[in-house]
Every structure is written in structure tokens, then in C-alpha cells.
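Working notes, structure below.
Sequence lines set the chain letters: A, B, ... in the order given, protein chains first and strands last, and positions in each chain run from 1.
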2 protein chains.
Amino acid sequence: MKLSQRGEYALRALLVLGMNHGSGVVRIRDIAQQQNIPRRFLEQILNDLKSAGFVLSKRGVAGGYRLQRAPGEISLADIIRHLEGPLAPVGCVSVNYYQRCSCPDEGKCAIRSVMQEVRDAIVGVLEGVSVAHLCDRVCDLQGPLENPLDYII
Amino acid sequence: MKLSQRGEYALRALLVLGMNHGSGVVRIRDIAQQQNIPRRFLEQILNDLKSAGFVLSKRGVAGGYRLQRAPGEISLADIIRHLEGPLAPVGCVSVNYYQRCSCPDEGKCAIRSVMQEVRDAIVGVLEGVSVAHLCDRVCDLQGPLENPLDYII
DNA sequence: TAGAATCCCGACCTATTTAGTCAAGTATCG
DNA sequence: CGATACTTGACTAAATAGGTCGGGATTCTA
């Protein structure tokens, strides 16, 4: 479950949108600058997140992006699954992207049984964390600041 | 931590060697046939495992491979780390392959703190399972068979 | 209603990784 | 000696990663 650069950028962007949820849209350019992400690349990523239903966009002069669903309704597992495919280390233990492997009998494959545990461990963490949780962590980690804009994501 | 084909082949090969530990060497060809792994590719992999100190080889007519250390001393974490690099989903939470990321302050990065948990979850499973454990699982999963050679790995 | 700001879309590019293949060489046993 | 195995290094095709780019479509505002 190596997270690609693309995936990390997506998480960071969604976290920015989460922190700004309720206060209108955020421009690509601002996210790119704040998070030091190549702007064109981020466009591509946000577009992808849009067609996947994670974010909404508004065009034109005062345009930008915002979360489509409430931050609490978006789990990291969902996001990463969409961007990177299976969370499981091997296809034969993936629930959402199952792919049979070449074992003669999956039910009796020792390696598979370990990978099953790995998958469960990964999913256990990522299903349990939403964008809202991420936002909470930002506040917890940085302590009480005066200005919300001071938060470093 | 997506396991590559190469990585999966390596685990399967080591499991075969684990099951045959103590009874001499096993030929590449036999492993390849039994596990349905391309023979040439497996050669490459075993060679790699050899220079990493996981296995020993014997050349010539009655040649083949065997584990270098006891099966109980080889954890899946070690194997996978050697073959695939970091177990952590991002470099900035990897203990063995740490790499700084572009966050302004890692200690206060919310995404990092989640990835830390993911890493710990993965490592927790893989450090706890050795080749010997894998062999045990093979037996557990397949029930008591008459002939050890009947075990399907 | 023009023009600036912003997102939208698809094509394109380069480097790296993945999954192998292959030929020729070296050691070992009988 | 000769058959059998491992050894070594080069090679290749396809996929993926990480971007870049040009131009089009909307929307706001003066």
C-alpha cells in the first residue's frame, strides 16, 4: 500500500478543503501554493476527485473547489481506494478489488492468510479515519492557535 | 505496501525451502514447477535472496537451495523489506528507509500521524510472522496429511 | 458585453519500475 | 569427461509514475 505522490497530494488537498469546509470554495492555485504541489498536476488530481464524487467545483472568477460530502463522511480508505486501487497487499485478499491468484487453493494458502491479516490491519486504520478526523488531528497536533489561517497542513 | 509478483514468488519459494528445511537442498526447477513460477525469473530472485543472506546454494549435480538461517529466525518483515523496500506507506514514517517529506513540520502533520498508525499495523503483523510460522500455518490449514509431500503451498 | 479569472479536458512526455528472457560461464558429481 | 545445477550480467517490452501543455468552457464584474 505504498502511497504515490499523487495519492499524498490528494489527501493534502482534501485536508485543506476539509479545514475550509463551510466557508465557500478554495482555488486550485491556493491549495497548490500552500501545499507546494505542482499546479497542473493538482488540477488533474482534483478533476479526478471530482468525477469520483469527493469534491464539487465552481467555475469562473470566484471559482474553486469544496468537499461534496461532509468531512465526517469521507474516509481515507475511500479516498485511497479510488486513487490507488486495492488497499490489500495482494489481490486475492482484497474485498473491493478481488483477484484470484495462482494458488491451487486459496482457502489453504498460508501466505494469503498472513496477507489477510495485513489487509485487515491497514483497512482497520484507514476506515476509521475521516477527513473530519484529520482536521481534528491538525488542531490537536498544533495546539490552540489564534488564527485558523495559521494552521499548517 | 503492494506486494510485487517478485515479492510473492520470493515468499512462496522461501516457504517451500522452509517446509524442506533440514532435508538438504531443493532445486530451482522443483520450486518453479511446484509453485508455477517462471524458472528464469525464479533464478534471479533466489540469487537475490542469496546475496541478502536468506538462503544458501549448492552448485552441481545434486545442487539446489536451502535456508541459511533457521525458519524461525526469518520474519516476513525482513524478507519483504529486502525485496520491496519500506513497509511504510510513506517515506516519512519509515523506520528503516526514512525519507523526509515536504511538510513544514513532520511532528505536526496530521496525515503523517495516520500513516504512522498504518505502518505500525503492517509491521506489527509482518514482524510477528516467521517462515516457521508460515510452515505451521500450512499444516494447520491443510489438516493432518499422511505424506508431507502432499502439502500444497 | 468584453475581458479576466477559473475550472475542464485530453494529449503528450520522460524516467523508472516490473516482469521477465537469454546466453554463456562455473562448479560439482559420478 | 559430461551431465546437471547454479551464476552472472545484459537485454527487452509493457506498465506506471509524475508531471507538462494548449486550448476550450464558464462565470463574475466592470
Measuring to OP1 and OP2 of [N], would you say a side-chain N or O of [X] lies under 4.0 angstrom away?
| X | N | value |
| --- | --- | --- |
| B/Ser57 | D/dA5 | no |
| B/Lys50 | D/dC6 | no |
| A/Arg29 | C/dT6 | yes |

Rounding to a whole Å, what distance do you find between [X]:[atom1] and [N]:[atom2]?
| X | N | atom1 | atom2 | value |
| --- | --- | --- | --- | --- |
| B/Asn36 | C/dG20 | CG | C1' | 14 Å |
| A/Lys2 | D/dT16 | NZ | P | 17 Å |
| B/Leu56 | C/dA27 | CG | P | 17 Å |
| A/Asp48 | C/dC7 | CG | C1' | 15 Å |
| B/Ile37 | C/dT21 | CD1 | P | 12 Å |
| A/Ile28 | C/dT6 | CD1 | C1' | 8 Å |
| A/Leu42 | C/dC7 | CG | C1' | 12 Å |
| B/Arg39 | C/dA23 | CZ | C1' | 13 Å |

NA contact type, A/Leu46, heavy-atom cut-off 4.0 Å: base, sugar-phosphate, or nothing?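 No contact.
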
Answer with base, sugar-phosphate or nothing: what part of the nucleic acid does B/Arg40 contact at a heavy-atom distance below 4.0 Å?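 Counting heavy atoms under 4.0 Å across all strands, the contact made by B/Arg40 includes a base.
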
Is any side-chain heavy atom of B/Met115 closer than 4.5 Å to a side-chain heavy atom of B/Val90?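 Counting from C-beta outward, B/Met115 and B/Val90 do come under 4.5 Å.
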
I'd like to check B/Val16 versus B/Gln35 (side-chain heavy atoms, cut-off strictly below 4.5 Å). Are they in contact?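 The answer is yes, as the side chains (C-beta and beyond) meet within the 4.5 Å cut-off.
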
Scan B/Ile74, B/Asp78, B/Asp136 and name whichever one has a side-chain contact (heavy atoms from CB on, under 4.5 Å) with B/Val131.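 So the option named by the test is B/Ile74.
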
Write out a two-atom table: protein N or O, nucleotide N or O from nucleotides 13-19 of chain C, distance below 3.5 Å.
residue, atom, partner, partner atom, Å
C/dA19, OP2, B/Gln5, N, 3.2

With distance as the sole criterion, is a donor-acceptor pair present between the side chains of [X] and [Y] under 3.5 Å?
| X | Y | answer |
| --- | --- | --- |
| B/Gln34 | B/Arg12 | no |
| A/Gln44 | A/Arg6 | yes |
| B/Ser94 | B/Gln99 | no |

Under a 4.0 Å N-O cut-off, is there an ion pair linking A/Arg119 with A/Glu127?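 No, this pair does not count.
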
Taking NZ, NE, NH1 and NH2 as the nitrogens, is one of them in B/Arg27 or B/Asp30 under 4.0 Å from a carboxylate oxygen of the other?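 Yes, this pair counts.
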
Nucleotide nearest B/Glu43 (side chain, heavy atoms from C-beta), chosen from C/dC7, D/dT7, C/dC9: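 Nearest listed nucleotide: D/dT7.
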
Given C/dC9, D/dC6, C/dC7, identify the nucleotide with an atom nearest to the side chain of A/Asn47.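 When the side chain of A/Asn47 is considered, C/dC9 is the closest of C/dC9, D/dC6, C/dC7.
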
A/Ser4 and A/Glu84: side chain to side chain donor-acceptor pair (under 3.5 Å), yes or no, with the steps? CA-CA 8 Å; A/Ser4 65; A/Glu84 316 263 331; 2.5 Å; yes

Encode nucleotides 24-30 of chain D as B, S and - characters from 5' to 3', where the letter depends on protein heavy atoms closer than 4.0 Å: B to the base, S only to sugar-phosphate, - to neither. -BBBB--

Within residues 62-103 of chain B or reaching into it, pairs that qualify as ring pair (Phe, Tyr, Trp, His ring centres under 6.0 Å) - sequence neighbours excluded: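 Every pair satisfying ring pair (Phe, Tyr, Trp, His ring centres under 6.0 Å) with a residue in residues 62-103 of chain B: B/Phe54-B/His82.
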
